[in-house]
Amino acid sequence: MKESCGLFGIFSPKPDPKISRTVYYGLIALQHRGQESAGIAVGDGEKIKYHKGLGLVNDVFNEEVLGELSGHVAIGHVRYSTTGSNVFENAQPIVVAGQQGSLAVAHNGNIINTRELRSQLEKKGLPFRSTTDSEIIALLLIEQGPDMLHACLDVTRTLQGAYCLLLMNQNSLIAIRDPLGFRPLCMGRLDDCVVFASETVALDAVGAEFVRDIEPGEVVLVNENGVESHKTAFSRSAFCIFEFVYFARPDSVLENVSVYAARERAGRILAIEQPADADLVVGVPDSGTVAAIGYSNQSGIPYGMGLIKNKYIGRTFIQPSQKLRNLGVRLKLNALRELVKGKSIVLVDDSIVRGTTMGQIVKMLRTAGARSIHVRIASPPIRYGCYFGVDTSDRRELIAAVLEEKKIEQLIGADSLGYLSLEGLVKAVGLPSDRLCLACFNGIYPLQVPSFCTKYLFEKE
Ligand code: AMP
């Protein structure tokens, strides 16, 4: 299970030789949302130029490449695959050529009616290079002809699922959020430029000022005439609560809620709901740190850095085989013996997904001399797969879907295990529960999910 993608886009009223550099900085700030591939497309009024590749933003781009990407409109993408595997053709932005010019698309989320959409396109004889739903979106759009805004308004009516989109032709930029607003997308200003980003941290990184979130079902067009907003369908908002739990950076503000504040409150409520008799609160860095601080603030049990993280281990380094994953935890984290020896510890993390990581960490702390370990999780058990941008559509992979809590406690080797309740988590976030997607915790999907939806859908066929 990994996080979904990150988007960054900018429109400048005049040509800017440094435009791709701004996107690059924005993508660096969004790197936590995807480490598999990165890409930037730039429009200079005549054509679209682009560069993309597998790996971290820093690996994919250098001075020379950025120097060649100048223009006045640009979009960028960092990717973790939710549909299609990690191969170069699936890197984004996807650039497609039509009769009247080219179009570049960057997508965060997951479309659930791709099968129908794809067969429609195939019947018309359109060739596919990648296996992503993002390419389907790009082809659907280009098919509609040169009026990009109308194409978007039309195509969004046929798409079902989670999609934040940034798309551009050689001279204009469009930002779209699906009618349920599953994933975040905000708008900012940087001097006379308009910028869009998945999270506010990217605005901070480039020195842009936050203007507002793009609304669910909104299509925003930016071109030489300014900014124009259009509303498509709006049913109800179903913002992904896992953005607050894990995905987003703590220094981002989503739906006007500080992610840090939500996590700190989750830790406090966790301390009330799941108290523990202990000498030290330790957070699993970085994902559990803020909730651990909240737990400590509420319980009065001192917080300590019982686990130290190696900052230079890229996430892509950790290969998805069990053996290497186990090794990965040890290379990434180490227990601070001096601090944990002889102590009873409350070990806080944001979530348990497959259950592999926590077992390793508990073992590590025991080896370092911890007397007892009480695992506390700042979210409820994840029992249901996500079809809206998180990479866990197979329930069998989720430990809480197949095992009782007591069994999980034994499996991870903890003295006790306690999860935050769903009510507690919603209260910590502070948004009304009917504005959130809670499907991974309660199985109530805001959209009906076709049973055949899986990540490698097209590759298997
Ligand atoms: P595991 O239970 O071994 O699958 O991993 C749980 C750990 O992964 C926790 O520390 C979480 O912070 C982290 N985590 C949660 N969701 C994701 C995700 N979508 N991608 C990567 N790591 C995640």
Side-chain angles (χ1 to χ4, degrees), residues 1-6 30-36 78-82 86 108-110 162 182-183 198 240-250 259 263 266-267 270 282-292 307 309 313-330 332-333 347-365 375-403 405 407-409 411-414 417 419-420 425 437 439-441 455:
M1 181 154 161
K2 293 269 173 73
E3 54 268 69
S4 50
C5 311
L30 296 171
Q31 186 77 80
H32 61 287
R33 296 185 69 86
Q35 300 88 39
E36 285 193 351
V78 285
R79 172 166 205 266
Y80 181 77
S81 53
T82 50
N86 187 28
N108 170 205
N110 201 34
F182 281 102
R183 305 268 144 230
S198 293
C240 168
I241 198 160
F242 215 66
E243 292 278 351
F244 286 104
V245 172
Y246 172 79
F247 288 159
R249 256 174 54 170
V259 175
R263 286 183 193 163
L270 181 62
V282 172
V284 177
D286 296 310
S287 55
T289 305
V290 182
L307 290 165
K309 184 174 170 181
I313 292 279
R315 290 196 206 182
T316 42
F317 172 80
I318 300 162
Q319 300 299 315
S321 91
Q322 198 61 21
K323 202 170 157 207
L324 286 169
R325 211 182 278 142
N326 293 348
L327 181 68
V329 173
R330 254 186 292 145
K332 196 161 121 181
L333 294 174
L347 179 61
V348 180
D349 203 359
D350 68 295
S351 58
I352 292 181
V353 184
R354 295 188 177 96
T356 324
T357 317
M358 195 43 102
Q360 291 288 310
I361 297 171
V362 169
K363 208 161 160 195
M364 189 183 279
L365 287 168
V375 172
R376 295 294 178 267
I377 303 297
S379 65
I382 302 177
R383 297 207 169 96
Y384 303 91
C386 175
Y387 302 92
F388 304 111
V390 183
D391 184 25
T392 57
S393 24
D394 194 340
R395 278 194 79 191
R396 286 168 301 186
E397 291 180 356
L398 302 171
I399 194 165
V402 290
L403 293 183
E405 245 168 82
K407 279 264 183 291
I408 303 175
E409 185 182 286
L411 195 90
I412 62 176
L417 168 66
Y419 287 93
L420 181 63
L425 177 60
C437 176
C440 53
F441 301 123
K455 179 179 172 189

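Values reported hereafter were calculated over all heavy atoms of this structure, with side chains retained and with hydrogens, waters and symmetry mates removed. Each ligand, and each atom within it, is numbered from 1 in the order the structure gives. Note that the structure is predicted; figures quoted are calculated from it, not measured.
Polar contact with ligand 1: absent for I352 (N/O pair, distance under 3.5 Å). On a distance-only criterion, V390 and ligand 1 share no N/O pair closer than 3.5 Å.
Numbered from 1 in the order shown, with element, the atoms of ligand 1 that lie under 4.0 Å from a heavy atom of S287 read 10 (O), 12 (O). Proximity to R354 (heavy-atom distance under 4.0 Å) selects the following atoms of ligand 1: 1 (P), 2 (O), 4 (O). Less than 4.0 angstrom separates some heavy atom of F242 from each of these atoms of ligand 1: 16 (N). Near T357, meaning under 4.0 Å from any of its heavy atoms, are these atoms of ligand 1: 1 (P), 3 (O), 5 (O), 6 (C), 7 (C).
Atom-to-atom distance recorded for L30:CG and S198:OG is 5.5 Å, nearest 0.5 angstrom.
Contacts of D349 with ligand 1, taken as heavy-atom pairs under 4.0 Å, involve the side chain alone. Contact annotation: for S351 versus ligand 1, heavy atoms closer than 4.0 Å belong to both the backbone and the side chain.
In terms of heavy-atom proximity, F247 sits nearest to V390 at CZ-CG2, 3.2 Å. Closest heavy-atom contact between R183 and G109: CG-CA, 4.4 Å. Nearest approach of C5 to V78, heavy atoms of both residues: CB-O, 3.1 Å.
The aromatic rings of F242 and F441 are tilted relative to each other, their planes meeting at an angle between 30° and 60°.
Within the 4.0 Å heavy-atom shell around ligand 1 one does not find V284. Residue F247 places a heavy atom under 4.0 Å from ligand 1.
Salt-bridge check for D350 with R263: failed, with every basic side-chain N at 4.0 Å or more from each acidic carboxylate O.
When D350, I412, L333, I382 are ranked by how near their heavy atoms come to atom 11 (C) of ligand 1, first place goes to D350.
Side chain of R383 to main chain of A400: a donor-acceptor pair is present (N/O by atom type, distance under 3.5 Å, no hydrogens or angles). Counting only distance, with no hydrogens or angles, the side chain of Q31 and the backbone of G34 share a donor-acceptor pair below 3.5 Å.
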